[in-house]
Each structure stands twice: as C-alpha cells, then as structure tokens.
Amino acid sequence: MNVKELDGKYVANTYKRFPVEIVSGKGASLTDEAGKKYIDMGAGIAVNTFGMADDEWIGAVTAQLAKFQHTSNLYYTEPCAKLAKMLCERTGMKNVFFSNSGAEANECAIKAAREYGITKKGEEYYNIITLENSFHGRTMATLSATGQAVFHEHFGPMLAGFIHTPANDCEALEKAVAENKVCAIMFECVQGEGGVMPLTKEFVAKIFELAKKYDLVTIADEVQTGNGRTGKLYAYMNFDNIVPDIVSTAKGLAAGLPMGATLFGEKTADIYKPGMHGSTFGGNPVCAAGAVNVISRLTEDFLSEVSAKAEYIKNALEGAKGIKTVSGMGLMIGLETEKEAAQVVAEAMERGVLLLTAKKKVRLLPPLSITFEEIKKAVEVIKEVCA
Ligand SMILES: *Cc1c(COP(=O)(O)O)cnc(C)c1O
C-alpha cells in the first residue's frame, strides 16, 4: 500500500485530507510525492512561522536536541526559563505556563479564570463569556467554550459555565455580563476558524470596560493570531490601550513544534500555586528552543515586513473579479468569493498554490517569511481562479 492507502486504512478517520502527500519543502515552497511544487499559503494552519526547513530554526532546535530532549518539570531547564523571560519582556505579562497545544493553553486559562471568580467573588462565579463563531479547541472544556453548535453535536452535554454572545454586539455583551455570575470574557481578536472576522475597536473597548467594572478576567485567545501573524507580536497590540489579563497562544509559537503558552498579567499571575496545574511535556526544551528562536526573530523590522506583505495581498485582491470581500488582519486573510471556497482551493491546488478555508471563506495564512515573489505568484493564481 502507498502512503495514502496506509493512512486511509490505519489512521483514525477524523481528517478530510487533500489528495497530496508532502515530501519536502523550503520556506513557502512545498513538494509533493510526484515532484510537483506548491506555494504554501497555509503554513500548516499558521504554524510554520518561517516555512519549511528554516536553517536558523533547525540550528536552534537541533543544538538543544543534541544536549537533551526532555527532563520533566521537576527540574530547571534553560530554554523554558529563557522563553518565559522573552515573552514577559515583550508583552509586559508577569509569568507563563507552558503546554503543548492551543486547546491546552486555553484549558489553563479557563481553569485560572474559574479559580479567580470562585475565590474572589463567590462559588457561583464560574461563568465565562465567549463569542458566537469562536473557536477555542477540541477538548471538552474548550469545545464547550467554542461558540459553534456544529462542533458540539455528537458529544453529549457540554461543560457548564460558558455563555455565548454575538461578536461585535456591545449591548448583548453588556446584558450577558449583567445578568450572569461571570468570571471572565474570552475572545479572539480575529476569529480565525469562524471566518477570519476581526473584532471591532468599539467591541474590544467594551470588553475591557466591562471587565474593569465587574472585575472580570480578560482572556485573549491568541492561538492563531499570535506570534507575529497580524503584524504585531500579539494581535491585542493592534488595539489601543488594552492589556489582557491572560493571553493564550500556540500554533506559530515554536514554528512547527507543538508548544502552547498561557501568559498571565498582574491580576492573574499568582492564581496558580504548586500542584494546581501541570503538563508532562509542557515546556519541552526542544520546543522551547524553537520558540526562543521564533520570538527573537520577530523584531519590529520583521513585523513591519509582515504588515507590508499583508497590505500587498489585500490591495491586490480587494475588488478583484470574483472576490466579494477581503477581511482579516496582517497575514491572516479571509476571502469571500463568488465561487465556493472549496472549489477555489481545489483549482488553486491544481495550479500549485495551497490555500485554506474557514467556514464559507478562502483563508490565507502564509509563512511570515514568504517572499514577495512567492506572494505575487500566489496572488496571480488566486485572481485567475476566482475570476
Ligand atoms: C487552532 C486554535 C485552537 C486550538 O489549538 P490546538 O493546538 O489545535 O489545540 C484554539 N484557539 C484558536 C483561536 C485556534 O485557532
């Protein structure tokens, strides 16, 4: 049996895969089993920050791998401590919990928010407001937090304590906070899986106004928007005068190795005490070494390049034939197309460009290191296919 047949027979049937096996890559260029080349506009779903096989990142990761690969959290290791310092210095947050995925980073945030509400305000203050069309993960708690019924089907009762209100509806949010015993509001600055929909400035300001008034924990789910994706280190930095109490992130953090992080600010930094939370693999030194390399390279210059690339794509696609709207922030771009999104993706793949979808939209999440030349080629193909 070939790889596709083996996978079909022996891998659990949870993914609808494209009929492509990736065998190698460099930067934003991928090669399949037949030797066909693609421009990658998905980056493993916003994970491969510097694309495939980035030399500097490989150097950082393999140097650590050759020293030791894991110690458990019973011992100190340098990459983990260094990474936490970098994240805190770049954000003003106070400390960090490391895990292995976005869902786990959010689990950690959810537990912390509940502890805060229950201890500070009373036993019933465990409710967390999340937004309709949000996506927070696939574990039972993060699934319950996710404001999309389609993900809840088949899995029995959801975990209690999540209230979903419509994104960008200040009145509904105000009402939900006033009428329930709430400990936190959790949001994505740009709803990724929900269709690349940014929150409005007014709505984000309202979240923080209500959090102040009712003493709530604000949780920015930056699993997809984080680590340079929107042209800032974290997407909340695109909004004026807000600092979340908790920032969760994962996807692009270690540029392709599994790593989640939950960053705690002043208000939340002392919630966890020894024994309250943990992870066997969390803070793995090899992954942390990869993340140290990522964060150190997301300089202001690099981030302004990301914004310039995003501007170019947006300008090139806005108003193009067959493209109804362009949404998003930085290199997180959603296209509402006249053709069905799946059709656009299939035709682009045929022509050597790999795209993603999000709900009914075409979604672009290229490696942040993609070159202008690659962008130009990909944009031409997208325009041809959409027209
Ligand atoms: C992908 C994603 C998650 C889940 O991350 P996993 O690593 O798949 O667990 C959570 N929140 C957001 C916003 C995401 O985009």
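Just so you know, ligand 1 is whichever comes first in the structure, and atom 1 is the first atom listed for that ligand.
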Residues Glu193 and Gln224: side-chain donor-acceptor under 3.5 angstrom:
yes
Starting from the C-alpha separation in whole Å, work towards a yes-or-no answer on side chain to side chain contact (heavy atoms under 4.5 Å, CB included) for Lys111 and Tyr272.
CA-CA 9 Å; Lys111 282 173 70 176; Tyr272 282 122; 3.1 Å; yes
Partner set under side-chain contact (heavy atoms from CB on, under 4.5 Å) for Tyr116, not counting sequence neighbours:
Lys120, Asp215, Val217, Lys267, Ile271
Without hydrogens or angle criteria, can the side chains of Thr142 and Thr139 be said to hold a donor-acceptor pair below 3.5 Å?
yes
Lys94: side-chain contact (heavy atoms from CB on, under 4.5 Å) partners, not counting sequence neighbours
Glu266, Ala269
Sequence neighbours left out, what passes side-chain contact (heavy atoms from CB on, under 4.5 Å) with Val294? Give chain and number order.
Thr49, Phe50, Trp57, Ala255, Leu298
Protein N/O near ligand 1 N/O, under 3.5 Å, which pairs?
residue	atom	partner	partner atom	Å
ligand 1	7 (O)	Gly102	N	2.8
ligand 1	9 (O)	Gly102	N	3.4
ligand 1	9 (O)	Ala103	N	2.8
ligand 1	11 (N)	Phe135	O	3.2
ligand 1	11 (N)	Asp221	OD1	3.4
ligand 1	11 (N)	Asp221	OD2	2.8
ligand 1	15 (O)	Gln224	NE2	2.8
ligand 1	15 (O)	Lys251	NZ	2.7

